[in-house]
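Below: one structure, written as structure tokens.
Throughout, residue positions are numbered sequentially from 1 according to the sequence presented.
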Amino acid sequence: MKKLIPLSLVLLWLWADSQAFAGEEKRSLGRSVEGAWQVVEMQGVRVDAAEDIVYINFNGLKKALSGFAGCNYINGSFRINTAKRSLKMEAVASTRTACPQLDLESDILSLLQKTASYDIESPENEGDLLILFAQDGSILLKLARMMPLDGKWTVVKVNETDLEDEDSEIFLIFNSSQKTVYGNLGCNSYHAPIEYTPQKKSLIKFGAGLTTLRLCQKMEIETQLLQAFQYVVSYKRFSARKAILCDKSGKVLIELSR
């Protein structure tokens, strides 16, 4: 006589399988295009980062994309098959601000619409590189995975000094794909290499920086910042609008906002 399996147990097995499949799908998306990516190359031509980094952000669970194309913010949806490495952008739209960089933006939007497949390369000791292909296999775009600090931040505090009432904007712009940071320290412009390893996401160091040589009445803040940069070893981003830079003991040296 065959032993019957209770229906409730069968349903429980089916539910467990569906949850496992859903979990695997989420993990698969996480290994693929999920997250923010900076556009670094367009049809073989390097895209130099301006003050506002051109980037695409993929939300795998919602199948939605958003980003900044050089002048306007964009949004849309996408379809992906991680097994076949197929990727299709849909209903990509942008805001309508008129800017000098509209030609670059128009080209990027056009290439996104032509995307048919993708691949991800992970060079040793480097971050992931997302490559988008056309239907014929030609490379359309290359994008580097962004670190949480990438982009422009206003410096609002250094050590115990509040900077929000300063006459000129003091800001830093981080670019992990080029491993540089640049900005304005209140009087002089600043540029330096950064040490950033994607595998150690909270660690960052400023290399030897260069500044212009203007003399201003108020140089104290600039001097404090240049000294603080030498001791920064880590960062923490609390939200899209707040981050801190710390020394090796965890003391907050610099507060950032945007």
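- Between Met147 and Ile204, some side-chain heavy-atom pair lies under the 4.5 Å cut-off.
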*Evaluate the side chain to side chain contact (heavy atoms under 4.5 Å, CB included) criterion for residues Val232 and Lys205: first the C-alpha distance (whole Å), next the side-chain angles of each, then the deciding distance (0.1 Å), finally the verdict.*
CA-CA 6 Å; Val232 170; Lys205 287 186 179 180; over 6 Å; no
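- Judged purely by atom type and a 3.5 angstrom limit, Asn175 has no side-chain atom pairing as donor or acceptor with the backbone of Lys179.
- The same ILVMFWY cluster, assembled from side-chain heavy atoms under 4.5 Å apart, contains both Leu172 and Tyr196.
- Partners of Glu90 under the side chain to side chain contact (heavy atoms under 4.5 Å, CB included) rule, at least two apart in sequence or in another chain, are Ser77, Arg79, Lys88.
- The minimum heavy-atom distance between Ile74 and Ala69, with the atom names listed, is CG2-CB, 4.0 Å.
- Between atom CD1 of residue Ile170 and atom CG of residue Leu185 there is a gap of 7.5 Å, rounded to the nearest 0.5 Å.
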*I would like to know whether Val33 and Ile80 meet side chain to side chain contact (heavy atoms under 4.5 Å, CB included); could you show each step before the answer?*
CA-CA 9 Å; Val33 300; Ile80 186 171; 3.8 Å; yes
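- Under a hydrophobic clustering in which Ile, Leu, Val, Met, Phe, Trp and Tyr are joined whenever their side-chain heavy atoms come within less than 4.5 Å, directly or via other members, Leu87 and Val92 fall into the same cluster.
- Closest approach of Gly209 to Ala192, counting heavy atoms only: CA-CB, 3.5 Å.
- Interatomic distance, Thr154 OG1 to Asn184 CG, rounded to the nearest 0.5 Å: 11.0 Å.
- Looking at every heavy atom in both residues, Val156 comes nearest to Asp162 through O-OD1, 3.4 Å.
- Within the model, atoms CD1 of Ile108 and CD of Gln113 stand 13.0 Å from one another, a figure rounded to the nearest 0.5 Å.
- Between Glu105 and Ser94, some side-chain heavy-atom pair lies under the 4.5 Å cut-off.
- Put simply, the side chain of Thr95 gets close to the backbone of Tyr73: a donor and an acceptor are under 3.5 Å apart.
- In this structure, Leu226 is a member of the same hydrophobic cluster as Leu163, with clusters built from ILVMFWY side-chain heavy atoms closer than 4.5 Å.
- At distances below 3.5 Å, not a single donor-acceptor pair connects side-chain atoms of Gln38 with backbone N or O atoms of Leu143.
- Under a 3.5 Å cut-off, the side chain of Asp136 and the backbone N or O of Ser138 do form a donor-acceptor pair.
- For Phe229, the ring pair (Phe, Tyr, Trp, His ring centres under 6.0 Å) test picks out Tyr190, Phe206, with sequence neighbours left out.
- In this structure, the side chain of Glu255 does not engage the main chain of Val155 through any donor-acceptor pair within 3.5 Å.
- The environment of Arg214 atom CZ is sparse: at most 12 non-hydrogen atoms of other residues, nucleotides or ligands sit within 6.0 angstrom.
- Counting heavy atoms from C-beta outward, Phe58 and Leu130 have side chains that approach closer than 4.5 Å.
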*asked:* If you apply the rule side chain to side chain contact (heavy atoms under 4.5 Å, CB included), what do you find for Lys142 with Glu121, and how did you get there?
replied: CA-CA 10 Å; Lys142 290 186 178 181; Glu121 295 181 354; 5.9 Å; no
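- Between Ala208 and Pro193, the shortest heavy-atom contact is O-CD, 3.4 Å.
- Put simply, Ile244 and Phe171 are part of two different groups of oily side chains (I, L, V, M, F, W, Y) that touch within less than 4.5 Å, one to the next.
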*For Tyr118 and Ile131, run side chain to side chain contact (heavy atoms under 4.5 Å, CB included): C-alpha distance rounded to whole Å, both residues' side-chain angles, the deciding distance at 0.1 Å, then the answer.*
CA-CA 5 Å; Tyr118 75 97; Ile131 305 173; over 6 Å; no
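- For the atom pair Tyr182 OH and Leu210 CG, the distance stands at 15.0 Å (nearest 0.5 Å).
- Of the possible polar contacts, none joining the Gln43 side chain to the Leu140 backbone as a donor-acceptor pair under 3.5 Å is found.
- Side-chain N or O atoms of Arg241 include one that pairs as donor or acceptor with a backbone N or O of Arg258 at under 3.5 Å.
- In this structure a side-chain-to-backbone donor-acceptor pair under 3.5 Å is present from Asn188 to Leu213.
- Side-chain contact between Leu256 and Phe174: present, with at least one pair of heavy atoms (C-beta onward) separated by less than 4.5 Å.
- Contact between Leu65 and Met89 at its shortest, heavy atoms only, is CD2-SD, 3.6 Å.
- Between Ile221 and Thr161 there is a side-chain heavy-atom pair separated by less than 4.5 Å.
- Between Gln224 and Met219, the closest side-chain pair of non-hydrogen atoms is not below 4.5 Å.
- If you chain together hydrophobic residues whose side chains sit under 4.5 Å apart, Ile120 and Val39 fall into the same group.
- The 12-atom threshold is exceeded at NZ of Lys157, counting heavy atoms of other residues, nucleotides or ligands nearer than 6.0 Å.
- Looking at Leu132 and Leu111, their side chains never come closer than 4.5 Å, going by heavy atoms from C-beta outward.
- In this structure, the separation between OG on Ser66 and CG on Asn57 is 4.5 Å, given to the nearest 0.5 Å.
- Using a cutoff of 4.0 Å between basic side-chain nitrogens and carboxylate oxygens, Glu169 and Lys152 are scored as salt-bridged.
- Heavy-atom minimum distance, Pro148 versus Tyr235: CD-OH, 3.2 Å.
- A distance of 9.5 Å separates OH in Tyr231 from NZ in Lys248, rounded to the nearest 0.5 Å.
- Here Cys187 pairs with Cys216 under the disulfide (SG to SG under 2.5 Å) rule; sequence neighbours left out.
- Annotation: cation-pi pair Lys63/Phe78 absent, no NZ/CZ under 6.0 Å from the ring centroid and within 45° of its normal.
- Between the side chain of Ser110 and the backbone N or O of Ser106, no donor-acceptor pair lies under 3.5 Å.
- Between Ile139 and Leu141 the shortest side-chain heavy-atom distance does not fall below 4.5 Å.
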